[in-house]
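Heads up, the thing below is written out as structure tokens.
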Amino acid sequence: MLAYKQQKKLFHSLRCEVALCYIASLILLSLLFSHPLFLLALFMALNMVILSAGIALEWLSYLKFSLLLIFLITLVNSLFVRAGATILFRGPHLPIIGTIRVTLESLCFSAGMGIRLLVILGAFCLFTYAVSPDKVLKILGGRGSKTMLALSLSLRLFPLLVDDFARITEAQRCRGVSFQTRNRRQRFEKYIPILNTLLLSSLERSFQLAESLQSRGFGIAKRSSYREELWRPRDVLVLLSTVPGIALGVALALNGWAGYRYYPSLQPIEGLEMMMSAFLGLFFIFPALLNWGWEKWQFLRLKI
Amino acid sequence: MQDNPLFSANWALTSVVFLCLVIAAFFWSFERRHASTKVITLIATMAALAGVGRVPFAMIPGVQPTTFLVMITGYVFGSRAGFMVGALAALVSNFFLGQGPWTPWQMFTWGMSGFTAALLAGKDKKFKRRSFIILAAFWGYLFGWIMNIWHWVGFIYPLTWETFLATYLASFPFDTLHAVGNATFSLLFGKTFYNILERFRKKCSVTLSDLHSMDRSK
């Protein structure tokens, strides 16, 4: 049931820390930069990595969802922001909004923010579908944290509860309860005993789980944990591209390259900015390139 | 404001950092306090249940029993448990439905709904049905209002009252659906779920007397 599915792709086989470092770097840079060129470079790089990770279909569902959000961003920016100088469309006067004025600058700003949203969503898509939650929990819960134990248990119970719900519904059907009725209220009422039973059985199970934990000595002493995961050349290579990438991004932001003036008129784009954005994108496209080589050459696959 | 092109970006980053710190503070507080194994597994179960509640209603924006389940847990088990259930429910369910920039905001918002439900319960643990329904309906709106913040600070510029109101107006229908859903769930399941959870709370707090000391006292 988990969204994550194991695949024979390079990104899936990376150490969890490395994958998280890559994803966190992209999110941080997308929040730091408002310059559309840099955001576009990050977006292109991320797209390549997502495609190389074999999660294009999942990414498509994220893209469909993001369309609604981008529409809202464009709507609010176009209708309510009056800072732009280049008027593209002048509409009627509305009572609260005033005169509708759609400007080129507000549309460009919406496009820029749309790309930022896509970078953030892409990074989270990669996290959901290409990073194993088990590995994440192993890292976080290694020291016996109660929060992480609760999180791990929840993650395990989630599919179990879905099965329980289906099982109880089936039992009710066998007793002659019909869930096909067209009346929504009646249908809803038929689910009430199911939910009550589900709550009761889940809570009973939680107590059994607690007793099982206690009988295994949970909480008596500091928890021991065994985790051995190799640092492979692929992890080092991806880290060697991500760390300089984030360093470059932060250095650019500190030197005033991250911003872009949308209002009152668009700031002209310089050649150096194009070069620097392409350079930044190269650091983050590296896992996709490595995956390409990994799949193409058996020799490289064995070496890294 | 317009002289600083990083203005909106900084707010987006600051808000996320602030949110993560608040969540971390609640988790830290939970770590520090003693919690029995039963309480931990109960929190995990309620978080999973609240997360599962999102799945059948995922297609109807806003209507989901998650807020109600988090609140009723907070009401019975207290503020820490309420926050933990809310935060974990958001995180766990998103491992199945898809993580996104909304995850930390959902963790915070659902966590706070559980926290405030515990404040409503106070020391008198009787079920205040009417107040609970009103609070649940209010959280339907508050949930949307808090969730709107990341959208507004992250993607709208300049940050003015006009753009703020426009963002909030756009989410109003979804928030209303959420509020109506919360009120309905509270009305239909409130008392029953309260009774069940209260029974389990009492089971959690059962203490075993030391038989040897009892013998000596005789």
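Residue numbering restarts at 1 for every chain, and letters A, B, ... go by the order of the sequence lines.
Using modelled atom types and a 3.5 Å distance limit, the side chains of A:Thr147 and B:Glu31 yield a donor-acceptor pair.
Although no hydrogens or angles enter the test, the distance criterion places no donor-acceptor pair under 3.5 Å between the side chain of A:Tyr260 and the main chain of A:Phe38. A donor-acceptor pair is defined here as one N or O able to donate and one able to accept, closer than 3.5 Å; such a pair exists between the side chain of A:Lys146 and the backbone of B:Phe30.
No other option in B:Leu169, B:Leu188, B:Asn94 has as many heavy-atom pairs under 4.5 Å with chain A as B:Leu188. Listed options A:Glu204, A:Glu58, A:Arg156, A:His35 were ranked by heavy-atom pairs under 4.5 angstrom with chain B; first place goes to A:Glu204. Among the candidates A:Ile120, A:Leu151, A:Leu153, A:Val162, the residue making the largest number of heavy-atom pairs closer than 4.5 Å to chain B is A:Leu151. Of the listed residues (A:Ser110, A:Pro133, A:Ala123), the greatest number of heavy-atom pairs within a distance under 4.5 Å of chain B belongs to A:Pro133. Residue with the most contacts toward chain B among A:Leu72, A:Ile27, A:Ile192: A:Ile192 (heavy-atom pairs, distance under 4.5 Å). Taking chain B as the reference chain and counting heavy-atom pairs below 4.5 Å, the highest number among A:Leu121, A:Val76, A:Leu28, A:Leu213 is found for A:Val76.
For A:Phe127, the part sitting under 4.5 Å from any heavy atom of chain B is the side chain, from C-beta outward, and nothing else. With a 4.5 Å cut-off on non-hydrogen atoms, B:Ser93 touches chain A through its backbone and its side chain both. If you measure heavy-atom distances from A:Leu160 to chain B, you find no contacts under 4.5 Å at all. For B:Trp150, the part lying under 4.5 angstrom from a heavy atom of chain A is the side chain only. The parts of B:Leu42 that come within reach of chain A are both its backbone and its side chain, each placing non-hydrogen atoms under 4.5 angstrom from that chain.
Aromatic pair B:Trp139/B:Phe68: centroids not less than 6.0 angstrom apart. Under the 6.0 Å cut-off for aromatic ring centres, B:Phe200 and A:Phe207 qualify, their centroids lying closer than that. Less than 6.0 angstrom separates the ring centroid of B:Phe164 from the ring centroid of B:Tyr168.
The CD atom of B:Glu198 sits 8.0 Å away from atom CZ of B:Phe77, with the distance rounded to the nearest 0.5 Å.
Using the six-membered ring where Trp is involved, B:Phe132 and B:Tyr75 have ring planes that are perpendicular, over 60° apart on the 30 and 60° scheme.
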